[in-house]
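As structure tokens, the structure follows; a few thoughts come after it.
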Number of protein chains: 2
Amino acid sequence: MPLMRARTRSPIRRRRAGSNAIALSDVARAAGVSTASVSRALNTPELVSENVRAAVQAAVTRLGYIRHSAARALASRRSMTIGAVVPTIAYSIFSAGVEAIERRLEEAGYALLIATSDYSLERELRQVRILLERGVDGVILVGRYHRPELARMLQERAIPYVCQGAYEAEGPHPCVGFDNHAAMASMAEYLLGLGHRRIAMLAGISADNDRVIDRIAGARAPLNRAGLDFVPGGLVESRYDVAEARLAMKRLLALRPRPTALLCVNDVLALGALFEARAEGVAVPAELSITGFDDFDFARNVEPPITTLRVPAPEMGRGAAEQLLQRLMGQSPPQATLLPTTIIARGTTGPAPAG
Amino acid sequence: MPLMRARTRSPIRRRRAGSNAIALSDVARAAGVSTASVSRALNTPELVSENVRAAVQAAVTRLGYIRHSAARALASRRSMTIGAVVPTIAYSIFSAGVEAIERRLEEAGYALLIATSDYSLERELRQVRILLERGVDGVILVGRYHRPELARMLQERAIPYVCQGAYEAEGPHPCVGFDNHAAMASMAEYLLGLGHRRIAMLAGISADNDRVIDRIAGARAPLNRAGLDFVPGGLVESRYDVAEARLAMKRLLALRPRPTALLCVNDVLALGALFEARAEGVAVPAELSITGFDDFDFARNVEPPITTLRVPAPEMGRGAAEQLLQRLMGQSPPQATLLPTTIIARGTTGPAPAG
DNA sequence: TTGTAGGCGTTATCAC
DNA sequence: GTGATAACGCCTACAA
């Protein structure tokens, strides 16, 4: 009996440093009930008598007890935490989405761990690994493209996930979003309808980015159907930054003959294009029509207000959270949810100039 | 020996549902070492032999082991998680700060739990309570004003915290930021120096918001020294939203005689003011000078570019994270860190019109 | 409805 | 440098 020996040798009970915080057992003692009852009173009050509930409640407030979620997570095998990986939160479309996710999760008692991928799928994968270490119960991603290991890791651990901001009816990933291809196609058709034939495109960096790729292809489709394409040299990529967009726009404005219309992949790019056009003395929309994408705050307030396409960012965030919560409760929501987008015609577009 | 009895009764070892994931003990078995050695190989590799390190490493990758941070948190009494409460992440100044915080924390192996207060101190307090339940090791807040219970809760649990975006040399809270009063005072002096005497102010909602209050007082100070004040009816509050700012600006433009200069509490408000002025045909800066605050992306790109005051948002975020990390490592960084701001004179300000 | 007690996956203490 | 093994604070199957 080596155990006895050990006990005999060091009769003083071993204690780890710094366990000073009030624990559930302290509440139990104060309330004169068992720890199980305290746990139940806190988590499933309907399973406990009125007396116990009141006593526990009183003890909790008196002692200022705060639950220890690491211990809960360990024992219950659920962390009540969701992870989200977004490209950046510095662009209002994403931050609006994240805020919506957070609000919905908060209602359900979940916390949100946010990580940024900086538009890199490799970094996205690393971030998901970190989120898994953190024991998230579910994951929210952006877009259709992901490293194959990512889904594998998630599926192996049976961690539900939802991709937001894109839509793919038959795709491998659950998603809630809109059809980027169709949306941009409708914008291109709108320009064609205005009589434009010389059309250019200011895109984001397409590497790793399905939304950009879909939007470029979406713009091209109706052009091709009309026997057209972007003007030669008329497809330029730029980071999502007004200053960079202006630089890219410089190149587009140097094309001869100049395009009469420009499709931008988002509103930041459109804003940069608009500023640069104005600085170069190019009249918008008289000489050049410009379209945005997203409908962020400033789109409607610049002069002229930007014609753009409203993207349902908060609805997507809320929808993604909702779908994840349903999965977490064992339900089977639809694999893909399609949200609508609308073209908002404002002041930066007009009929193609004559000639 | 009741234990023996129990064992005899149910000889099959009890197993909780779903403990399917690979645990550290699995790695230990695979590597042929003890769990203690695995733990050491992972956390303090310098304390184990090369052999053990290699064997553990191999087993980890072969099994696809991922650490269980709840268990780590429980055993080590540190969650390696920091909480941050910001008013909103939908405004680029805050999202830039949050991104900077996140980057620095990531380097140090900490995760960031983000919560929003929506500019309410009450909600901020609730969010901190939730963060404490989550077992955060430290907290980052915004501003000087907080509910007294907040600091008490944090101090009771010895959770370090830092307030960001404001500066108070002798204040009760550790902080890293700049002096809102002084910054806005310098802007007011700048306008006085341009000869303006009829000055108005477009402020944010001042309730619960020390930054707004400090900036209003800061603007007033040099005016008062010059025997002036805002023009009657010339102090208006608005939410941080371009549309709302335009509404507020309408009232300011209706004042007679009209102010010749307007101090805005941030760039969003300045942008709204600028748009509204233009819509009303008021020439900026010929008839009216407008100043912003923050220097967000669009400030330099609108036409005319906005005169504003650069706020070191990423530096504050990084600095706050840094200071917290130091506290977590048992160091004692300065209680208050002051960061510089600079006026950036651009196109929305000019000399006061004659007469 | 309530209590008992084992186990969740790690870390850290102790002994070697 | 390494191994054995008590905690860590809570949840929950089971028994009463």
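Throughout, protein chains are lettered first and strands after them, A, B, ... in sequence-line order, and every chain is numbered starting at 1.
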Nearest-nucleotide 5' precedence on DNA chain C, A/Glu46 against B/Arg67: A/Glu46
Earlier contact from the 5' end, DNA chain C, for B/Ile66 and B/Arg40: B/Ile66
Interatomic distance, A/Leu42 CG vs D/dG9 P [rounded to whole Å]: 16 Å
Side-chain N or O of B/Ser49 closer than 4.0 Å to phosphate OP1/OP2 of D/dT2: yes
Contact under 4.0 Å: A/Arg72 side-chain N or O vs D/dC11 OP1/OP2: yes
Positions of residues 58-65 of chain A (non-hydrogen atom under 4.0 Å from DNA chain D), listed by number: A/Tyr65
Interatomic distance, B/Glu50 CD vs D/dT2 C1' [rounded to whole Å]: 16 Å
Euclidean distance, atom NE2 of residue A/His68 to atom P of D/dG9 [Å, nearest integer]: 6 Å
Atom-to-atom span, CG of A/Leu24 to P of D/dC11 - whole angstrom: 6 Å
Under 4.0 angstrom between A/Arg77 side-chain N/O and C/dG7 OP1 or OP2: no
Contact under 4.0 Å: A/Arg78 side-chain N or O vs C/dC8 OP1/OP2: no
Whole angstrom value for the distance that separates P of D/dT2 from CZ of B/Arg29: 20 Å
B/Ile22 CD1 - C/dT10 P separation (whole Å): 11 Å
Proximity to the side chain of B/Ala75 - top-ranked nucleotide from C/dC8, C/dG9, C/dT2: C/dG9
Phosphate OP1/OP2 of C/dG9 contacted by B/Ser25 side-chain N/O (<4.0 Å): no
Sugar-phosphate, base or nothing in reach of A/Ala23, heavy atoms under 4.0 Å: sugar-phosphate
A/Ser76 vs D/dC11: side-chain N/O to OP1/OP2 distance below 4.0 Å: no
Salt-bridge contact B/Arg152-B/Glu149 (side-chain N to carboxylate O under 4.0 Å): no
Sugar-phosphate, base or nothing in reach of B/Ser69, heavy atoms under 4.0 Å: nothing
Note: B/Asp118-A/Arg103 ion pair, threshold 4.0 Å (strictly below): yes
Nearest non-hydrogen partners of A/Ala320 and A/Val162, listed with the distance: O-CG2, 3.8 Å
Sugar-phosphate only, base, or nothing, as touched by A/Val33 at under 4.0 Å among non-hydrogen atoms: sugar-phosphate
Between D/dC11 (P) and A/Met80 (CE): distance, integer Å: 11 Å
Whole-Å distance separating the CG atom of A/Leu74 from the C1' atom of C/dG6: 13 Å
Heavy-atom check, side chain of A/His146 versus side chain of A/Tyr161, under 4.5 Å: no
B/Glu102/B/Arg318 ion pair, N-O < 4.0 Å: no
Side-chain H-bond candidate by donor/acceptor type, A/Gln127 with A/Ser117, under 3.5 Å: no
A/Ser69 side chain vs B/Glu133 backbone, donor-acceptor pair below 3.5 Å: yes
Salt bridge (Lys or Arg N to Asp or Glu O under 4.0 Å) between B/Arg104 and B/Glu322, worked out: CA-CA 7 Å; B/Arg104 181 65 191 96; B/Glu322 189 61 46; 2.5 Å; yes
OP1 or OP2 of D/dA4 under 4.0 Å from side-chain N/O of B/Ser34: no
A/Ser39 side chain near D/dC11 phosphate (N/O to OP1/OP2, under 4.0 Å): yes
